[in-house]
Amino acid sequence: DSKTGRMDTAMNLQQEIRELVAAILQIPADELDTSASFFDEYGMDSLRALEILAEVENKYNITIDPDNLMKMTCIDEVVKLTESYLKPHE
């Protein structure tokens, strides 16, 4: 059903973004906690945050408002933000 399809898509999106962040932070994806703060837990700086933003935009062919950069504090938040841009606007 469509609900299961959405769940699969969300899980795939989370895994893809987790791997993207892992590559940028140079940490194995399976060691990343999706709710841990990029800045507090992983010592990320704003340059890396911009890198994540750019990679997500390129991968999903979307343009994220730079004002949303401050919302991108952990993988879960990046996934939520990305989903909001990928959903068709009704």
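Worth saying up front: this structure is predicted, and the values here are computed from it rather than measured. The chain is numbered in sequence order, starting from 1.
Distance CE/Met72 to CG/Leu50: 9.0 Å, rounded to 0.5 Å. Of the inter-residue distances, the one linking Leu25 atom CG with Glu31 atom CD reads 12.0 Å to the nearest 0.5 angstrom. Once rounded to the nearest 0.5 Å, the distance linking CD of Gln15 with CG of Asn12 reads 8.5 Å. Put simply, CD1 on Ile75 and NZ on Lys80 are 13.5 Å apart, with the number rounded to the nearest 0.5 Å. Rounding to the nearest 0.5 Å places CG of Asp45 at 5.5 Å from CG of Leu47. Note that CD of Glu77 and OG1 of Thr82 are 10.5 Å apart. Values are rounded to the nearest 0.5 Å.
Residues Thr73 and Val78 fail the side-chain proximity criterion, which asks for heavy atoms closer than 4.5 Å. You'll find the side chain of Glu83 reaches within 4.5 Å of the side chain of Leu13, heavy atoms only. For the pair Arg18/Val21, no side-chain contact is recorded, criterion being any heavy-atom separation below 4.5 Å from C-beta on.
Comment: Arg48 engages Glu51 in a salt bridge, judged by a side-chain N to carboxylate O separation of less than 4.0 angstrom.
Around atom CG of Asn61, no more than 12 heavy atoms belonging to other residues, nucleotides or ligands sit under 6.0 Å away.
Nearest approach of Glu19 to Ala29, heavy atoms of both residues: CG-CB, 4.1 Å. Residues Leu69 and Ala49 approach most closely at CD1-O, 3.6 Å, considering heavy atoms. Nearest heavy-atom pair across Cys74 and Phe38 is C-CZ, 3.4 Å. Of all heavy-atom pairs between Tyr42 and Asp33, the closest is OH-N, 2.8 Å. Here the shortest heavy-atom pairing between Ser46 and Phe39 reads N-CE2, 4.4 Å.
Side-chain N/O atoms of Thr34 and Asp76 include a donor and acceptor closer than 3.5 Å. A donor and an acceptor atom, one from each side chain of Tyr85 and Glu57, are nowhere located under 3.5 Å apart.
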Q: Run the numbers on Ile52 and Met44 for side-chain contact (heavy atoms from CB on, under 4.5 Å), then give the verdict.
A: CA-CA 11 Å; Ile52 291 170; Met44 189 171 82; 3.5 Å; yes

